[in-house]
Amino acid sequence: MLIRILGLLSVLSVAAVAQVSQPMFEAMQPDLLGAPSAFANAFADFDNDGDLDLFVGFDGKPNRLYRNDQGVFTDVAAAAGVADTRPTRAVAWGDMDADGDADLLVGFTPRPGASVLKVYRNDAGTFADVTAASGLVVATGAVRQPAWVDVDADGDLDLFVAYRDRANALYRNDAGTFSDVAQAWGLADARRTVGAVWFDFDEDGDLDLADANMDGDANGLYRNDAGTFTDVAAEAGVAWGGRAPKHPGNGTVRVCAADVDHDGRFDLFAANYGPLGFFSNRGQGRFDDRAAAWGIAIDSRYDACAFADFDHDGRLDLYVNGTVTGGASWQDSLFRNTGTAFVDVTPASIRRLQADHGVQWADVDGDGDLDLALTGARSDGMHLVLRNMLPAADARRGLHVRVVDGRGRATLAGAEVRVFAAGTTRLIGARLVDSGSGYDSQNDMPVHVGVPAGVSRVDVQVIAPRGGRRVPVWQRGVAPGSTITVRAGR
């Protein structure tokens, strides 16, 4: 198994498309990261040493926490106290107690007498189980998408959890104790939810929710009006995510919010059992179906979508991973965004991998570009991290923006980052602080914007929707290749 992975992944490449450089990736530590039966993966700098660490949840083997030391991974899960052996389906990083380091939520398959959620408080790199003390003991439920997000804009992180077999929950954080307010707030969606993302789609100053539903259920788009949520998916044009309405074999596994068409607004993309869906945000609460026009309405079985500017041309490219179902492993694909269409540039060796479910983009080696982390749930799968081999001069044009609140805490999931060529209104890129990503996961890390060649300085705008207010905060004259921190909100 290991020899096959090493031979397959020493360097992954694909022939050039038009005049654009070919994507190339190199497997990092495949002897360590070759273990199969992995589901969810997520990044955070849990030890605050300046590089991104990786948690990987397995299907009944000990979960792993990889400490990253300048691009070299070491599994420290047992020493840190997070090497659970229960089958794991979800993971989310967030500073639950607002003490300056990332805490960890893990979601398991049900087991009699045990909670399906487990909350670990991070104290200087050692984790303590605070599930019971936090009021988050949940006896049953097929846990899917979790997200730490400050829904009520009171300065601390609440916890949203999508469940595939029961009503979704929103656990409000009150001084470290959580209680489910989803029913009262209109968020207890009882459809078969597997994915969700938070963003201010109508730009009215509060965070809204898009959720992804399976088995013929329509998707939801919950507009937040001062804490009251209303499902407006049908009137916004996104209820079915590009798949066949009410088809019991179709569903949306993952919904992503990203500025695909580079106009500064956040569009919706659906990874489906059925054709992929792309809906351009036209403002005033409306979305246009652009999947066919962009050549992306591909009918397959997908687990996740993950956007990243892997080639630093300023446009968001797309990775979609096929699922494993009925004994078949469906195709993964990497698409380059040309500005008007998606072009398949998948390296043949990536396509041959038994990858599914987990997918993340993160600058693991600190060279400025985004590397690709995948998982595979099959017995011949893996949980590889693939180093992006973008030429060094191009890689150094990656800009990383860490968004924190006025007290320096990472409590602003769903905040928006826009980057402009300095002194102009030329948009380089728009990104979201992670509020639900990959497969049933959430990262706690800076957002990344690739700055095209020829742009020497940029202006960075951050907007954190907070209780009906959208106040931009700026840092001007930033050099590409920088890592900056922007304080937004109160």
Side-chain angles (χ1 to χ4, degrees), residues 14 16-25 197 199 256-271 276-282 287-288 290-298 304-320 333-347 350 359-363 368-372 388-391 393-401 416-422 424-434 437 446-456 458-461 478 480-481:
V14 69
V17 175
Q19 301 299 313
V20 183
S21 61
Q22 61 184 3
M24 298 181 65
F25 297 89
V197 64
F199 70 122
C256 292
D259 181 17
V260 176
D261 51 10
H262 207 75
D263 63 358
R265 289 188 292 262
F266 292 96
D267 313 305
L268 281 173
F269 192 93
L276 291 167
F278 164 39
F279 297 85
S280 177
N281 188 343
R282 297 306 190 195
F287 292 80
D288 286 349
R290 302 291 293 161
W294 278 62
I296 200 64
I298 302 165
C305 43
F307 285 91
D309 182 6
F310 78 85
D311 53 4
H312 284 181
D313 66 354
R315 294 185 290 266
L316 278 175
D317 309 300
L318 169 66
Y319 192 96
V320 290
S333 295
L334 173 62
F335 294 96
R336 175 176 277 124
N337 180 349
T338 69
T340 57
F342 286 107
V343 176
D344 192 335
V345 295
T346 315
I350 284 183
V359 52
Q360 300 290 348
W361 293 94
D363 185 8
D369 60 20
L370 292 180
D371 310 300
L372 178 62
N388 187 350
M389 303 303 289
L390 202 63
D394 295 330
R396 286 194 294 269
R397 298 200 312 272
L399 174 69
H400 296 84
V401 182
E416 303 164 7
V417 176
R418 292 178 179 82
V419 175
F420 302 85
T424 77
T425 58
R426 175 190 168 190
L427 180 67
I428 301 298
R431 308 287 186 266
L432 283 177
V433 177
D434 193 354
S437 67
V447 301
H448 167 272
V449 178
V451 179
V455 178
S456 60
V458 297
D459 296 333
V460 178
Q461 179 198 68
V478 177

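Residues take their numbers from the sequence shown, with the count starting at 1.
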Quick one, [X] and [Y] - any side-chain contact, counting heavy atoms below 4.5 Å?
X	Y	result
Asp344	Leu334	no
Leu370	Asp309	no
Val449	Val458	no
Val197	Cys256	no

Residues that Arg397 engages under salt bridge (Lys or Arg N to Asp or Glu O under 4.0 Å), provided they are two or more places apart: Asp394
Non-neighbouring partners of Asp459 that pass salt bridge (Lys or Arg N to Asp or Glu O under 4.0 Å), sequence neighbours left out: Arg476
Which atom pair, heavy atoms only, marks the closest approach of [X] to [Y]?
X	Y	result
Arg431	Gly450	NH2-N, 4.2 Å
Pro347	Pro23	CG-O, 4.3 Å
Ala297	Ala292	CB-N, 4.1 Å
Ala304	Val359	CB-CG1, 3.8 Å
Ile428	Val455	CD1-CG2, 4.2 Å
Asn281	Asp263	O-OD2, 3.8 Å

Atom pair CZ/CG of Phe310 and Asp317 - distance to nearest 0.5 Å: 4.5 Å
Separation of Leu390 CG from Asp369 CG (nearest 0.5 Å): 5.0 Å
Intermediate values then yes/no, side-chain contact (heavy atoms from CB on, under 4.5 Å), Asp363 and Asp371: CA-CA 5 Å; Asp363 185 8; Asp371 310 300; 3.9 Å; yes
Exam field: side chain Asn337 to backbone Val260, donor-acceptor pair closer than 3.5 Å: yes
Could you work out, with side chain to side chain contact (heavy atoms under 4.5 Å, CB included) as the rule, every residue matching [X], not counting sequence neighbours?
X	answer
Arg290	Phe278, Ser280, Arg282, Asp288, Ala293, Trp294
Val433	Val403, Ala415, Val447
Arg418	Glu203, Phe266, Glu416, Phe420, Leu427, Ala430, Gln461, Ile463, Arg470
Leu318	Phe269, Ile296, Cys305, Phe307, Val320, Phe335, Phe342

Asp313: side-chain hydrogen bond (donor to acceptor under 3.5 Å, both in side chains) partners, not counting sequence neighbours: Arg315
For His448, all residues meeting ring pair (Phe, Tyr, Trp, His ring centres under 6.0 Å), sequence neighbours excluded: His312, His400
